[in-house]
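Whatever order the structure lists ligands and atoms in, that order sets their numbers, starting from 1. Keep in mind it's a predicted model, so treat the numbers as computed, not measured.
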Amino acid sequence: MPETLQLASPAPLTSLTEDEILFRDNVRQFAEDKIRPLVKEMDEKAVFDHALLERFFQLGLMGIEIPEQYGGAGGKFFEAILAVEEFSRVDASAGVIVDVQNTLVANAILRWANDDQKKRYLPRMAADTLGAYALSEAGSGSDAFALQTKAELKGHDFVLNGRKLWITNGKEAEIFVLFANANPEAGYRGITAFIVEKDTAGFSVGKKENKLGIRASSTTELILEDCAVPKENVLGEVGKGYKTSIETLNEGRIGIGAQMIGIARGALEASLAYTTERQQFGKSINEFQGVQFQLAEMATELEAARLMVYNAARMKDAGQSFVKEAAMAKLYSSRAAERITSKAIELYGGYGYVKDYPVEKYWRDSKIGAIYEGTSNMQLQTIAKLIIGGK
Ligand SMILES: Cc1cc2nc3c(=O)[nH]c(=O)nc-3n(C[C@H](O)[C@H](O)[C@H](O)COP(=O)(O)OP(=O)(O)OC[C@H]3O[C@@H](n4cnc5c(N)ncnc54)[C@H](O)[C@@H]3O)c2cc1C
């Protein structure tokens, strides 16, 4: 277990400061007391409990890195990672809601917004307003820069037309960091980031996906029909949205890694408890070496994934270059989560295969880690480019 950080540096990667331990323990307690009782129903109904979401704001978990002057918690990226991990241990949908708000939307605004935009949006995000990050489209996923949504400057506004797909938090979000091309002739150099408010005329939320996992997290289409967004809502520079999107997602990937290690830990803890309780051949099944070795494999893989995720997060907070480590952490932790949750089902036997027990959900929830914020192939591409380029 992590110890209090006493040394300057370097320290073991799993060391936490006293503040971090306190933060983690509070988040864990909240997840156990308030989220766990709702998980099954939220998954079945594919709806996130609105009152629970309000509690996330009250606890300061929706503006972890937002400075105190804007009403945020003024914390570090690492705390956001701890929150996503702890929530995902209980419910990966809760984990991704917190993840998108902190590591993508608030992060993009903190990094790229001007002072006026920060004053307008950060206090709302810290207090009660959910954000979403809208890059993907039906025809552009891995090839994100092929996006077809257009932004045409007309007078004081950019008029947006197009459709976004797969947008996490789409149903509940009120502000969207949304990417459109303001100069298609310039290719990706026309891509521009906008802050779009839900009540803008011409903006609507389309179909909600019926998913395999993270079912309580909404994933929706967004429709833009002559949606006039004021020039003041351009985030960063016109034509530099490609940079905003890449750099935000580089950081966001560490958050997905945290979601994956949370899921894997939830499944491992459930397996440890179940294999103690379950009796076959007159003894607990965890007395069989075959079962013990599977638990040991699961714990070892989780430890490796956790070290990678924590290291990437610490590197980001230290201002070091972390792109390769973030891609590796997401790639490895999503694979580890899939393997660990799959083994958990087997350790539960038939009970693992039914919805009365928690492990089939962990497995379903783990699958998304290999897909969003860049598929596993895209992570491999990034890692390969960086190692072959000597970085
Ligand atoms: C539940 C969910 C939530 C999401 N949330 C968001 C969100 O909030 N915001 C957002 O913008 N997007 C979101 N996405 C979209 C997600 O990021 C994309 O689905 C993902 O990037 C993959 O794109 P795609 O689905 O178009 O697959 P494709 O890009 O069509 O990929 C299909 C397959 O081809 C492979 N492939 C593609 N190109 C290459 C290549 N050059 N080399 C090797 N292999 C390749 C991929 O690895 C994959 O295996 C979400 C998706 C899901 C399912």
**Study point:** Plane angle bin for Phe145 and Tyr242 - parallel if under 30°, tilted between 30 and 60°, otherwise perpendicular
**Key:** perpendicular

Practice item. Quick one: look up the protein heavy atom nearest atom 8 (O) of ligand 1 and list residue, atom name and how far away it is. Key: Thr168 N, 3.0 Å

Check your understanding: Between Tyr310 and Phe78, does the ring centroid distance fall short of 6.0 Å?
Key -> yes

Review point. Protein heavy atom under 4.0 angstrom of atom 38 (N) of ligand 1, is there one?
Key: yes

Review point. Does an N or O from Ser140, backbone or side chain, lie closer than 3.5 Å to an N or O of ligand 1?
Key: no

Practice item. Kindly indicate, with the supporting measurements, whether the criterion salt bridge (Lys or Arg N to Asp or Glu O under 4.0 Å) is fulfilled by Glu338 and Lys343. Key: CA-CA 9 Å; Glu338 215 178 311; Lys343 277 202 179 121; over 6 Å; no

Practice item. Verify the ring-centre separation between Phe203 and Phe176: is it less than 6.0 angstrom? Key: yes

Study note, to complete from the structure: If you scan protein heavy atoms around atom 18 (C) of ligand 1, the nearest is Ser136 OG, 4.2 Å

Revision key, fill the gap. Candidates Arg215, Met378, Lys211, Gln379; heavy atom nearest atom 41 (N) of ligand 1 found on Met378

Review point. Would a 4.0 Å cut-off, counted as strictly less than, catch a protein heavy atom around atom 33 (C) of ligand 1?
Key: no

Review point. When you look for heavy atoms under 4.0 Å from ligand 1, do you find them on the side chain of Gln381, its backbone, both, or neither?
Key: side chain

Practice item. For the pair Glu152 (side chain) and Leu160 (backbone), establish whether a donor and an acceptor sit closer than 3.5 Å, ignoring hydrogens and angles. Key: no

Check your understanding: Under 6.0 Å between ring centres, would you say that holds for Phe293 and Phe288?
Key -> no

Revision key, fill the gap. closest protein heavy atom to atom 31 (O) of ligand 1 is Ser142 OG, 3.7 Å

Check your understanding: If we only count N/O pairs under 3.5 Å, is Glu137 in contact with ligand 1?
Key -> no

Practice item. Look at atom 53 (C) of ligand 1 and find which of Val96, Thr219, Ile368, Leu135 reaches it with the closest heavy atom. Key: Ile368

Exercise for review: Identify, by atom number and element, the atoms of ligand 1 in contact range of Glu373, meaning under 4.0 Å from any of its heavy atoms.
Suggested key: 17 (O)

Point to revise | atom 44 (N) of ligand 1 - nearest protein heavy atom and its distance | key: Asn377 ND2, 2.9 Å

Revision key, fill the gap. heavy-atom search around atom 24 (P) of ligand 1 in the protein gives Gly141 CA, 3.9 Å

Revision key, fill the gap. Looking only at protein heavy atoms, what sits closest to atom 19 (O) of ligand 1 is Ile371 CG2, 3.9 Å

Point to revise | Closer than 4.0 Å: a protein non-hydrogen atom to atom 46 (C) of ligand 1 | key: yes

Review point. Does Val98 offer a backbone N or O that forms a donor-acceptor pair with the side chain of Asn102 under 3.5 Å?
Key: yes

Review point. Is it true that Glu85 and Arg306 make a salt bridge, defined as a side-chain N closer than 4.0 Å to a carboxylate O?
Key: yes

Review point. What protein heavy atom sits nearest atom 6 (C) of ligand 1, and how far away is it?
Key: Trp166 O, 2.6 Å

**Study point:** Protein contact to atom 9 (N) of ligand 1 [nearest heavy atom, distance to 0.1 Å]
**Key:** Tyr133 O, 2.7 Å

Exercise for review: Evaluate the criterion salt bridge (Lys or Arg N to Asp or Glu O under 4.0 Å) for residue pair Arg163 and Glu137; output intermediate values, then yes/no.
Suggested key: CA-CA 6 Å; Arg163 278 169 185 247; Glu137 299 180 1; over 6 Å; no

Review point. Which of the listed options, Leu147, Thr375, Val100, Thr220, holds the heavy atom that is closest to atom 22 (C) of ligand 1?
Key: Thr375

Check your understanding: Can you check whether Ile261 reaches Ser88 side chain to side chain, under 4.5 Å on heavy atoms?
Key -> no

Review point. Do Asp99 and Gln259 have a side chain donor and acceptor closer than 3.5 Å?
Key: no

